[in-house]
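Working notes for the structure below.
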Amino acid sequence: MAWLVLLGALLCMSRVGVGSLGTEGFLPSMPHNCPYKCVCAADLLSCAGLGLQDVPAALPAAAADLDLSHNALQRLRPGWLAPLSRLRALRLGHNELDVLGRGVFTNASALRLLDLSSNALRALGRHDLDGLGALERLLLFNNRLAHLDVHAFRGLGALSRLYLGCNELSSFSFDHLHGLGTTHLRTLDLSSNRVGRIPVAHLAALPAFLKNGLYLHNNPLPCDCRLYHVLRRWQQRGLSAVSDFAREYMCLAFKVLASRVRFFEHSRIFQNCSTALARGLERPEEQLHVQMGRSLTLRCNTSAPAVRVAWVSPQHELLVAPGSQDGSISVLADGSLAISNVQPQHEGVFVCLASGPRLHHNQTHEYNVSVHFPHPEPEAFNTGFTTLLGCAVGLVLVLLYLFAPPCPGCRRCYRRTCRCRCWPRAPSPLRELSAQSSVLSTTPPDVPSRKASVHKHVVFLEPGRRGLNGRVQLAVAEDFDLYNPVGLQLKAGSESASSTGSEGLVMT
């Protein structure tokens, strides 16, 4: 019985071993339409780095991303993309393509990304890029491009990023951008070329969002005053294309390649330039200040009626009717932009783009919106209260002026009518000498030894009060104290001094 159990165990082990061997020996087969040595994964097709000199003949129709980079491709036959109607990205970088030709990109209307970098292209013709109406990014850097047809990019209305750096371009048409539209274009890379002639007026007329992505560094720019003022203003405004590569902006001081000057670091070459040359080149954006929570309406002011109006928000969102994606911004039927509830995210530069038969394609109007937090409203000004307070203060000041004691050393105040007589702390010498009521002097008033003092205090007698036999006069001492009038000396006539003294005096 035991041997039966042992035999069953051996049979089970043998089955498990056979199953495991079958599993290990299984190799997944590639799709039947995947090119040889290429990798196919879902909608991705990669044939990179295989040394291909020609495009594989059979390509799977489900491919949405095709990578043919790092090969030796020299030609692309017309219509080769016909089976790939779902293609969204095509990578042809690092090959040996020197020319494209007409019809190369037929049936690529859904293509969003085209990478032709690091090839040997020398020129772009008018029809080389036909059929790419939905293209958003075009990479042409690190080629040998020396010529661009006037309408080389015509039909690329959805293009937002164009990279032409590291080529041999000596000029570029900034007025019509070789057929490009400015509605969607955000990045234009012309760095590391041979651009030496730039129409400053066309450069200044570009929209603000395109200036922010226009890269012109590492070009033999002329040391022109107008161009310098325009680029300096872009740097002061903080445009990233200039501020991020300020050190790599150079100009030729003597029209010789060896005389390149980093003019943002060494601006002495432009110290004699007049700022009047730059006036009128760029129309400054209109400054608007609005409180948070308020409503705001922006109108697209153009020189002629526009057929189509579009806006670009500070977040670089294209705004057309009915408005933004979050619903906070509306585009009205007349092209105006309306914000019902202004928030901090609405701060920045709004750019209006107007197009029409009598308008230039890049005619724009810019608004720089600044959002401020509302300040608390002050309380209403109570004029009745302030008037009453002013009257009370004025009355107190008048009473103080009339009844306050004139000297700070007053100790006693006699009479309740508040007429103060202040006595000094120490008795004056004149009071001690005049202990008695008065001293009548019989000395004639015209004695030369008695000289009048210019500092005397004048005391008047009542008019008409005279002595019996002579005139009574009041003599004032040299050090007479106005607040201590006891020491007055009276002068009388020599005939009857005693009768005059007995008659008494009435002083006012």
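Both backbone and side-chain heavy atoms feed into the values below; hydrogens, waters and symmetry mates do not.
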For L114 and L139: C-alpha separation, side-chain torsions, deciding distance, then whether side-chain contact (heavy atoms from CB on, under 4.5 Å) applies. CA-CA 6 Å; L114 177 58; L139 282 65; over 6 Å; no

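- Under the 4.5 Å side-chain criterion, counting only non-hydrogen atoms from C-beta, I339 is not in contact with V290.
- More than 12 heavy atoms of other shown residues, nucleotides or ligands fall within 6.0 angstrom of atom CZ in R262.
- In this structure, N218 contributes its side chain and S192 its backbone to no donor-acceptor pair below 3.5 Å.
- In this structure, L288 and L298 have side chains that are in contact, with non-hydrogen atoms separated by less than 4.5 Å.
- Among residues two or more places apart in sequence or in another chain, the disulfide (SG to SG under 2.5 Å) test is passed with C223 by C251.
- At least one side-chain heavy atom of L73 sits under 4.5 Å from a side-chain heavy atom of L97.
- Between the side chain of H346 and the backbone N or O of Q343, at least one donor-acceptor pair lies under 3.5 Å.
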Check: residues 58-65 side-chain donor-acceptor pairs under 3.5 Å, at least two apart:
unit_1 : atom_1 : unit_2 : atom_2 : d
D65    : OD1    : R91    : NH1    : 2.6
D65    : OD2    : R91    : NH1    : 2.9

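- The 12-atom threshold is exceeded at CD of E96, counting heavy atoms of other residues, nucleotides or ligands nearer than 6.0 Å.
- Taking both residues in full, the closest heavy atoms of A310 and L318 are given as CB-CD1, 4.1 Å, listed atom of the first, atom of the second, then distance.
- Under the 4.0 Å criterion applied to side-chain N and carboxylate O atoms, D43 and R88 are not assigned as salt-bridge partners.
- Here the side chains of L162 and T187 are not in contact, with every heavy-atom distance at 4.5 Å or above.
- Heavy atoms of other residues, nucleotides or ligands lying less than 6.0 angstrom from CZ of R137 number 12 at most.
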Donor-acceptor list for residues 146-159 side chains, cut-off 3.5 Å, not counting sequence neighbours:
unit_1 : atom_1 : unit_2 : atom_2 : d
D149   : OD2    : H151   : N      : 2.9

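- Smallest separation of non-hydrogen atoms from G335 and W311: O-NE1, 2.7 Å.
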Do H229 and V200 pass the side-chain contact (heavy atoms from CB on, under 4.5 Å) test, and can you show the C-alpha distance, the side-chain angles, and the key distance before you say yes or no? CA-CA 10 Å; H229 283 301; V200 182; over 6 Å; no

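- Contact of the L124 side chain with the L100 side chain is registered, since non-hydrogen atoms from C-beta on lie closer than 4.5 Å.
- The neighbour count for R77 CZ, taken as heavy atoms of other residues, nucleotides or ligands under 6.0 Å away, is above 12.
- Separating the OH atom in Y36 from the CG atom in L52 is a distance of 11.5 Å, to the nearest 0.5 Å.
- Summarising the local packing, CD of Q325 is surrounded by 12 or fewer heavy atoms from other residues, nucleotides or ligands at distances under 6.0 Å.
- One finds the CZ atom of R75 at 12.5 Å from the CD atom of Q53 (value rounded to the nearest 0.5 Å).
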For L164 and F141: C-alpha separation, side-chain torsions, deciding distance, then whether side-chain contact (heavy atoms from CB on, under 4.5 Å) applies. CA-CA 5 Å; L164 291 167; F141 60 86; over 6 Å; no

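- The two residues S336 and T297 make their nearest non-hydrogen contact at CB-CG2, 4.3 Å.
- Among residues at least two apart or in separate chains, salt bridge (Lys or Arg N to Asp or Glu O under 4.0 Å) pairs with a member in residues 326-343 are R299-D334.
- No option in L68, L66, V39, D67 other than L66 meets the side chain to side chain contact (heavy atoms under 4.5 Å, CB included) test with L45.
- Looking only at side-chain heavy atoms (C-beta outward), W80 and V104 come within less than 4.5 Å of each other.
- In this structure, E136 does not pair ionically with R161, as no charged nitrogen and carboxylate oxygen lie closer than 4.0 Å.
- Across every non-hydrogen atom of S117 and N143, the tightest pair is CA-ND2, 3.9 Å.
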Give the C-alpha distance, both sets of side-chain angles, the deciding distance and a yes or no for ring-ring contact (aromatic ring centres under 6.0 Å, His included) between F245 and H217. CA-CA 7 Å; F245 298 91; H217 56 277; 4.2 Å; yes

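- One side chain, N212 or S240, offers a donor N or O that lies under 3.5 Å from an acceptor on the other.
- Using a 4.5 Å cut-off on side-chain heavy atoms (C-beta onward), L400 and V398 make no contact.
- Taking all atoms of both residues into account, the shortest heavy-atom contact from L239 to K211 is CD1-CB, 3.8 Å.
- The minimum heavy-atom distance between N71 and G49, with the atom names listed, is ND2-N, 3.8 Å.
- Counting only distance, with no hydrogens or angles, the side chain of E248 and the backbone of S191 share no donor-acceptor pair below 3.5 Å.
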Between D130 and T106, does a side-chain contact (heavy atoms from CB on, under 4.5 Å) hold up when you go through it step by step? CA-CA 7 Å; D130 286 351; T106 303; over 6 Å; no

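- Judged by distance alone, the side chain of N219 and the main-chain N or O of L190 form a donor-acceptor pair under 3.5 Å.
- Applying the disulfide bond (SG atoms under 2.5 Å apart) test to pairs two or more places apart or on separate chains, those with a residue in residues 43-87 are C38-C47.
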Evaluate ring-ring contact (aromatic ring centres under 6.0 Å, His included) for Y249 paired with F264, printing each intermediate quantity in order. CA-CA 7 Å; Y249 274 84; F264 281 133; 5.8 Å; yes

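- Separation of atoms CD (E347) and NE2 (H289) is listed at 10.0 Å; rounding is to 0.5 Å.
- Side-chain contact of R232 with Q235: a donor-acceptor pair under 3.5 Å is present, judged by distance alone.
- Of the N and O atoms on the side chains of S118 and N142, at least one donor lies less than 3.5 Å from an acceptor on the other residue.
- Among residues at least two apart or in separate chains, there is no salt bridge (Lys or Arg N to Asp or Glu O under 4.0 Å) pair with a member in residues 179-201.
- Between atom CG of residue L216 and atom CG of residue L231 there is a gap of 7.0 Å, rounded to the nearest 0.5 Å.
- Between D98 and L121 the shortest side-chain heavy-atom distance does not fall below 4.5 Å.
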